[in-house]
**Q** 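Just passing along the structure, written as structure tokens.
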Amino acid sequence: MIARVIVDVPSRATDRPFDYKIPENLNGWVEVGSRVGVPFGGRVLQGFVVGLAPYADVDVKKLKPIAELLDHLPPLSPDLVELARWVSEKYCCPWTTALQVMIPAALKGKADSVVSLSEEEECSEERTGFLTEESEPWFQYIRNNGEVRLALLQERFPEAAAGIKAAIRRGTLREEISIRDRLKVRKVWTVFPPEDTAAAEAALASASSRAAKQQEAARYILDNPEPIPLAALAQALSTTTGTIRGAADKGWLTIREMEQQRDPYAGRGFKRTEPLPLMEGQQTVYNEIAEALDNEAARVFLLHGVTGSGKTEVYLQTIDRCLKAERQAIVLVPEIALTPQMVERFKGRFGDSVAVLHSRLSSGERYDEWRKIREGRAEVAVGARSAVFAPFRRVGLIIIDEEHESSYKQEESPKYHARDVAVQRAKQHQAVVVLGSATPSLESFVAASASRSQEGTASANGSAKQGATLLPMPERVAGRPLPKVHLVDMRDELKGGNRSMFSRQLHEALLQRLERGEQSVLLLNRRGYSTFVMCRSCGYTAQCPHCDISLTFHQKSKALRCHYCGHAEQAPTACPSCESEHIRFFGTGTQRVEEELAKLFPGIRVIRMDVDTTTEKGSHEKWLTMFGERKADVLLGTQMVAKGLDFPYVTLVGVIAADTSLHLPDFRAAEKTFQLLTQVAGRAGRHELPGEVIVQTYNPEHYAIISAQRHDYASFAQEELKHRRFMAYPPFCRLILVTLSHEQLALVYAEGEKLASTLRDLARSAGVRGSDEGDGSRFIDILGPVASPIPRMKDRYRFQCMIKYRGNVGASELLGQAISLLSGANGQPPVTMSVDVDPQMIL
DNA sequence: AGCACGCCGACT
DNA sequence: GTCGGCGTGCTC
């Protein structure tokens, strides 16, 4: 058999399988999904086996053999390899890039060289003076140490690089290249019972009163023969590791290094919980999902439940049902919501069979959790976006909580959306997808409405064949009312002479909470909030010299920085343009609010959560714990305070400026604003104390804000869909954005023109209509090229083309073909092209 | 991505 | 006459 291998070179020219012979000794071991090291163009690279074929099918003569197999158990299964191919086509990225996101970073092997003296040289040691290298210090070093890593040799003898290279070429040195994982297996000294228990028992019985602590240690391990980490035992017996090593020397116990399975949640002791009785609303929903699970039907459900309607309990019980059928479950949660409380709920119900995957784990921890899944020791994976690729054998259920969250979209290549990948993966496994949200994305909502009603909104989504099923959960579990939301018109405040960022009503409400000892959450909707530098005399603003964007002022370092390229410079004391000293720096939005709070409410205790204060590992949790312990009166933050928090003493939620995100040049601006407001409103009064929400706005008549105030998703969706249809935006069409960038302006524009015309030609010959006739039928329209919203970034000019289409027109394939046609001999187009597929709801 | 092959300028 | 510039082309 020969193996078809995708090598780890992310370029268009190498984005196809290369064939290799499977050496005799690896016969039967190499499978689809295996990770291998292969010789490729004079070096050894990591690759994935994506297919096996009989010898007869290829020209065997020019084949090289696979150099090595990197894992005993293939890290990927054939269905994941297939899914990777789907991702690569859908999102226009190399196959290897898609394969790479499916495995933990620890397995991203790199080639590593080991050199040693070749055999003849070793034998001829006595032939002193024969070789010119012989007197070289590095030669002696290799002779003394045997096999030496080339990297180490270069480090130790940096000036000898040429000599070493020559020796390898001449054959004096033998070089062996292999792939090494970036993996450090953590080893821990561990205490075991002695080799000879009987002898130890006897020795203990007759031992003198000396070495009492050593005897104690020996006694312990004989009575509790479970291996225990050395440090832990020393601590338990309040002695030192040295003492216990003494006992080991006497043969009373054994100490060995053992590989430790990192368990980031070790020692937390999760309390097991039992399924709660479901309320009527929950039961109906559960029954529908359970039926689909039992029938192994690839169905998609949209669980539209208001905050507090008990979605999580439904998740837990459907997972249980899935596990009983010996299929595994994946739960996706937004990165930000993956809090210890969240994990606790799953570990509490399913114990050790839960694997947790998120970005804050170290690469080793992540690898261990992943391996738990791969080796079948876990049946439930809870994690962020990439957990959709959890290497389960039989996936029965994929739950996506808060499905509307934008964090399900990956910003780097492959720019996939976890929701769309989940639907695809579910098709492979005949699995059920459950999308949960209080404020569903309009894509999902429309897809789910299609099955309910025959109204036009639905049929407009061209390729919705059977659609998704809407499962409404309009009731809150304990019957608690949703909090009252007050809108404050900030224009009236201004008219009334209040120029502060706090309205009188919010000021009053905050004061009240302080007096009562209750807590408040303040949200600064920071999107669109600028932190730029401006001269009040001449209007000068500081711009990045490499990007067409304003520089951002950072209070901490007193520096001006560019968000996009990282350029930093000292903040000026006078205006560089007019030399006026009336130059103002605005700190980050939250900092300004914090300062104003301190001014208005002396002694107020504020926790500020934003990018500046939560970058450190664990800081996020730390602040929330502090707030939970009522060590602060106010939790002030951006988006991140809107999600998943649940504190009993929070009775006030204030939104400083609801509209900052409303007028962004983004067709989803209203949707995002509505979602944010609805979510943050749900943070108040979740327990006995009633909650109140104050929303400050300059647009109190905007439907996104009014609907959020009334907790009315349906009317928001109706209004927003009207706009989307009128403007011909998703979900009434689909979008792919191609951004081209290069140092030379003329070249980017020219390539943009070429791309657009190539695409139009391709579409025409594929027989797809070129414009939207408004009748819901399929079309593909290519817009642009036009300058990007940020026309220059990192000294590169940027243009974009937009592909707007509806129905199954193979847009990604056409784009892939077009890029290939524009590509030169190196397989790459002359300018950089980045493809961004707008999140869809592919059914 | 790397690395080789290949065809034109400034050095021994 | 050679060393080396980086433009095309290939890697099983």
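Below, read A as the first sequence line, B as the second, and so on, with proteins coming before strands; counting in each chain starts at 1. Source: prediction; values computed, not measured.
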**Q** Judged by atom type as modelled, is there a donor-acceptor pair below 3.5 Å linking the side chain of A:Thr97 to the main-chain atoms of A:Cys93?
**A** no
**Q** Is A:Asp836 salt-bridged to A:Lys409, going by a charged N under 4.0 Å from an acidic O?
**A**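 Result for this pair is yes, salt bridge flagged.
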**Q** Does A:Asp838 come within less than 4.0 Å of A:Arg668, counting only side-chain N to carboxylate O?
**A** yes
**Q** May A:Phe18 be described as stacking on the base of C:dT11, applying a 5.5 Å centroid limit and a 30° limit on plane angle?
**A**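 Check failed, A:Phe18 does not stack on base of C:dT11.
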**Q** Report yes if a side-chain nitrogen or oxygen of A:Lys62 is closer than 4.0 Å to either non-bridging phosphate oxygen (OP1 or OP2) of C:dC12; otherwise report no.
**A** no
**Q** Calculate the interatomic distance between A:Ile6 atom CD1 and C:dT11 atom C1'; express it in whole Å.
**A** 13 Å
**Q** Do A:Arg43 and B:dA1 share a donor-acceptor pair, side chain to base, under 3.5 Å?
**A**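 Looking at the base of B:dA1, it does pair with a donor or acceptor on the side chain of A:Arg43 (distance under 3.5 Å).
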**Q** Could you tell me whether A:Phe157 and A:Phe139 have their ring centroids closer than 6.0 angstrom?
**A** no
**Q** Could you tell me whether A:Arg16 contacts a base, only the sugar-phosphate backbone, or nothing, with contacts defined as non-hydrogen atoms closer than 4.0 Å?
**A** base
**Q** Using whole Å, report how far OH of A:Tyr55 lies from P of C:dC12.
**A** 16 Å
**Q** Taking atom P of B:dA1 as reference, at what distance in whole Å does atom CD of A:Gln46 sit?
**A**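 A:Gln46 atom CD is separated from B:dA1 atom P by 17 Å.
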**Q** Would you mind reading off the distance between A:Phe40 atom CZ and B:dG2 atom P, rounded to a whole angstrom?
**A**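 Going from CZ in A:Phe40 over to P in B:dG2 covers 11 Å.
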**Q** Once you round it to whole Å, what is the distance between C1' of B:dA1 and CH2 of A:Trp95?
**A**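 In whole Å, B:dA1 C1' and A:Trp95 CH2 are 20 Å from each other.
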**Q** Across the strands shown, which category fits A:Pro17 at heavy-atom distances under 4.0 angstrom: base, sugar-phosphate, nothing?
**A**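 The answer is nothing, as A:Pro17 stays clear of every strand by at least 4.0 Å.
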**Q** I need the CG-C1' distance between A:Leu45 and B:dC3, as an integer number of Å.
**A**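 Roughly 12 Å, once rounded to whole Å.
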**Q** Please state how far atom CG in A:Asp19 lies from atom C1' in C:dT11, giving the value in whole angstrom units.
**A** 13 Å
**Q** Can you check the A:Asp15 CG to C:dC12 P distance for me, whole Å?
**A**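 Result: 16 Å.
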**Q** Only one of A:Val831, A:Val748, A:Asp548 clears side-chain contact (heavy atoms from CB on, under 4.5 Å) with A:Tyr797; which?
**A** A:Val748
**Q** Considering every strand and a 4.0 Å limit on heavy-atom distances, what is the contact class for A:Tyr20: base, sugar-phosphate, or nothing?
**A**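 It contacts sugar-phosphate atoms only.
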